[in-house]
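Before any comments, here is the structure.
Every heavy atom of this structure was used, including side-chain atoms; hydrogens, water molecules and symmetry mates were not. Numbering starts at 1 and runs along the sequence shown.
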Amino acid sequence: MSTRLKYWFNIGSFFETMKPNIRVLKLFGLFPYTISQAKGRSFPSNSHHSNNRCNHSKTLKSEVKFIDIAIFTLWQTFFLQMLYVSWPKMFLNMPVSRIITMVTLILYLLAGFNCSVSATLVLLFRKKFLHMVQLVEEADFLFSKYFYEIQHSKHHLVCVALLLGSFACQGLLILNDYTAGKMLVNTTLSLQSMPMQAITSYYYIIRSIHISCVVAFISGLYSFRDRFFAFNKQLRICFVEKHSGEQAASYRVLMNHIQGFTAIYSNLCDAIGIFCTIFAWQPMMFCASLIVTVVFSILTIGHMLTNSAPIVLALALIYSALTILYTLLFLVLVKLGSDLKREGKQTAVLVHKAINQSSKTPALVERLVLFSHHLQHQRPVVSCGLFCFDWTLALSIISALATYSVILIQFELGVPKFFISAILQQNGDMTTTNSQP
């Protein structure tokens with residue numbers, strides 16, 4: 001078997017599953033340290049395979065190497081120097097309305113600042129990251145001890161597929177923007193000027209970082225959700241679904257299972273909380289970008305039905321393609337967050353069903369009641385601190401989109417040369433100027 005196939009099929013830990021995400025974040029300067037194994041620690045060859053993997057997480061350590069400092073410094077310099085170059089002034093002179101320039105400019109400056117904050121938080125919380133890895137791998141060890149092995153290769157495949165899919169989609173977005181830009185060759189500023197090239201490079205770099213970070217966050221949520229699915233499945237098999245003809249498990253085995261379930265649930269909930277604390281800043285900024293992109297897409301598409309000017313058509317193509325990708329990512333993000341929240345509620349339901357079916361064993365019922373009390377204080381919630389990523393967030397964003405769209409439509413109808421009208425006016429003035437000898 002080739003080295004690559006051996007690597008693929010020998011993935012057996014949560015940390016190895018996350019390596020593709022870590023490499024991508026490190027490439028963008030958002031993971032400014034290196035995870036390595038502590039020296040001087042070895043394991044006996046006759047120890048259990050899963051136990052070795054659990055102990056392996058305890059030997060991991062974080063160290064900031066020179067290359068990490070160099071990449072981190074270069075990216076922070078790039079984000080900060082963009083505040084002082086001449087491209088913001090150039091951006092304000094583009095043939096688009098003042099509202100679209102100001103909102104887009106503020107959004108992407110905030111996105112660059114958010115990247116700096118995200119990288120700094122990841123650096124400061126590196127011990128928490130190692131603790132999160134340890135919690136998940138201890139939970140995986142308990143899974144393998146009492147039930148079965150977690151399918152790490154499957155999670156790794158999903159992680160790699162999501163990253164490759166995001167890169168492919170970003171390539172299609174660039175192709176779409178290039179096609180839309182062809183419509184504006186004779187009506188907009190030339191792309192040969194340095195400020196214009198700075199605008200373009202900053203926009204695409206920030207957008208690539210933005211999308212890649214959200215995809216990495218989604219792949220992490222998928223891994224957690226799959227573990228909760230397996231958790232509730234085993235809970236249902238052990239205590240709820242008792243088929244006739246099957247030999248009942250012994251009292252000691254059931255007590256050990258409850259102890260294992262409690263430890264697994266606690267570890268996974270704590271790990272999700274740490275994961276969101278470290279990596280939720282980019283998804284939070286992503287929601288703001290989604291609202292702005294969808295509102296601009298709605299208005300440009302609506303105006304395109306009454307005016308087929310090239311610049312309106314180009315803006316409609318750009319914002320519509322970006323809206324489709326952002327919406328798909330947002331729906332996946334919300335779906336995973338909602339599934340985790342639902343599985344947490346399902347765990348409580350299954351525990352209460354187990355209590356009702358185990359009423360003839362007081363000691364077992366007492367242990368299940370303690371587990372039920374524990375569930376009241378810990379829930380798998382995906383949150384950034386301001387809001388939770390579930391379907392209530394989707395409803396809030398839909399209401400915000402309706403509100404902002406109505407407000408902008410009212411301004412468009414009541415204020416001359418506002419938004420799309422201003423774009424058409426500026427574009428017409430520039431075309432007239434360029435056509436004069």
Side-chain angles (χ1 to χ4, degrees), residues 14 18 21 25 30-31 110-111 113-136 139 155 159 162 209-229 231-232 264-292 326-349 374-401:
F14 176 69
M18 293 183 63
N21 292 330
L25 294 178
L30 299 181
F31 201 90
L110 286 177
F113 174 75
N114 186 46
C115 289
S116 298
V117 172
S118 301
T120 305
L121 286 177
V122 173
L123 180 61
L124 294 177
F125 292 155
R126 58 186 184 274
K127 291 185 179 180
K128 284 191 174 183
F129 178 82
L130 291 179
H131 182 54
M132 178 194 71
V133 174
Q134 180 180 343
L135 288 173
V136 177
H155 297 165
C159 173
L162 286 173
I209 295 175
H210 207 39
I211 295 174
S212 300
C213 290
V214 173
V215 170
F217 189 79
I218 287 174
S219 62
L221 292 184
Y222 174 83
S223 181
F224 284 117
R225 188 195 67 165
D226 197 65
R227 284 172 170 82
F228 269 98
F229 279 165
F231 179 88
N232 285 337
I264 292 171
Y265 185 88
S266 179
N267 282 8
L268 290 180
C269 287
D270 291 341
I272 290 175
I274 296 174
F275 181 76
C276 293
T277 300
I278 299 175
F279 299 108
W281 278 77
Q282 290 293 335
M284 181 176 63
M285 191 68 194
F286 172 76
C287 293
S289 301
L290 173 68
I291 293 175
V292 173
Y326 278 10
T327 303
L328 290 175
L329 291 176
F330 176 76
L331 290 177
V332 175
L333 176 62
V334 168
K335 177 66 167 57
L336 293 174
S338 180
D339 286 347
L340 282 169
K341 187 176 181 179
R342 187 190 66 226
E343 290 302 312
K345 295 180 179 179
Q346 185 65 22
T347 301
V349 172
H374 180 73
L375 296 177
Q376 297 177 1
H377 302 284
Q378 275 192 318
R379 292 289 177 86
V381 178
V382 182
S383 171
C384 65
L386 299 176
F387 48 82
C388 297
F389 293 95
D390 52 22
W391 291 116
T392 57
L393 175 62
L395 294 176
S396 300
I397 288 183
I398 290 173
S399 63
L401 291 175

- Show your reasoning for whether side chain to side chain contact (heavy atoms under 4.5 Å, CB included) applies to Arg227 and His155. CA-CA 10 Å; Arg227 284 172 170 82; His155 297 165; 3.6 Å; yes

- Query: Can Arg379 and Lys345 be said to form a side chain to side chain contact (heavy atoms under 4.5 Å, CB included), step by step?
  - Reply: CA-CA 8 Å; Arg379 292 289 177 86; Lys345 295 180 179 179; 4.1 Å; yes

- Query: How far apart are the C-alpha atoms of Ile291 and Leu401, what are their side-chain angles, what is the distance that settles it, and do they pass the side chain to side chain contact (heavy atoms under 4.5 Å, CB included) test?
  - Reply: CA-CA 6 Å; Ile291 293 175; Leu401 291 175; 4.0 Å; yes

- Task: Would you check, one step at a time, whether the test side chain to side chain contact (heavy atoms under 4.5 Å, CB included) holds for Leu221 with Leu340?
- Result: CA-CA 8 Å; Leu221 292 184; Leu340 282 169; 4.1 Å; yes

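In terms of heavy-atom proximity, Ala348 sits nearest to Leu375 at CA-CD1, 3.6 Å. Taking every heavy atom of both residues into account, Ser219 and Ala216 meet most closely at OG-O, 2.7 Å. Ile218 and Leu336 get closest at one heavy-atom pair: O-CD1, 3.4 Å. Counting all heavy atoms, side chain and backbone alike, Gln282 lies closest to Val214 at O-CG2, 4.3 Å. Across Ser399 and Ser396, no two heavy atoms sit closer than the pair OG-O, 2.6 Å. Between Phe125 and Thr277 the shortest heavy-atom distance is CE1-CG2, 3.9 Å.
Under the 6.0 Å cut-off for aromatic ring centres, Phe224 and Phe231 do not qualify, their centroids lying 6.0 Å or more apart. Aromatic pair Phe286/Phe217: centroids not less than 6.0 angstrom apart.
From Met285, atom CE reaches atom CG of Leu290 across 12.0 Å, with rounding to the nearest 0.5 Å. To the nearest 0.5 Å, the span separating SG on Cys269 from CG on Leu135 amounts to 11.0 Å. Remark: Phe389 CZ to Phe330 CZ distance equals 8.5 Å, nearest 0.5 Å. The distance from atom CG of Leu333 to atom OH of Tyr326, rounded to the nearest 0.5 Å, is 13.5 Å. Taking OG of Ser289 as the reference point, atom CG of Leu329 lies at 11.5 Å (rounded to 0.5 Å). In this structure, the separation between CZ on Phe279 and SG on Cys213 is 9.5 Å, given to the nearest 0.5 Å.
Although no hydrogens or angles enter the test, the distance criterion places a donor-acceptor pair under 3.5 Å between the side chain of Arg126 and the main chain of Leu123. Side-chain N or O atoms of Asn232 include one that pairs as donor or acceptor with a backbone N or O of Glu343 at under 3.5 Å.
Atom CZ of Phe113 sits in a sparse spot, with 12 or fewer heavy atoms from other residues, nucleotides or ligands closer than 6.0 Å.
Looking at heavy atoms from C-beta onward, Cys159 lies in side-chain contact with Asn21 at the 4.5 angstrom threshold. Counting heavy atoms from C-beta outward, Phe129 and Ile274 have side chains that stay 4.5 Å or more apart.
Between Phe228 and Tyr265, the ring planes are perpendicular. Angles over 60° get that label, and only those under 30° would be called parallel.
No donor-acceptor contact under 3.5 angstrom links the side chains of Asn267 and Gln134, judged on distance only.
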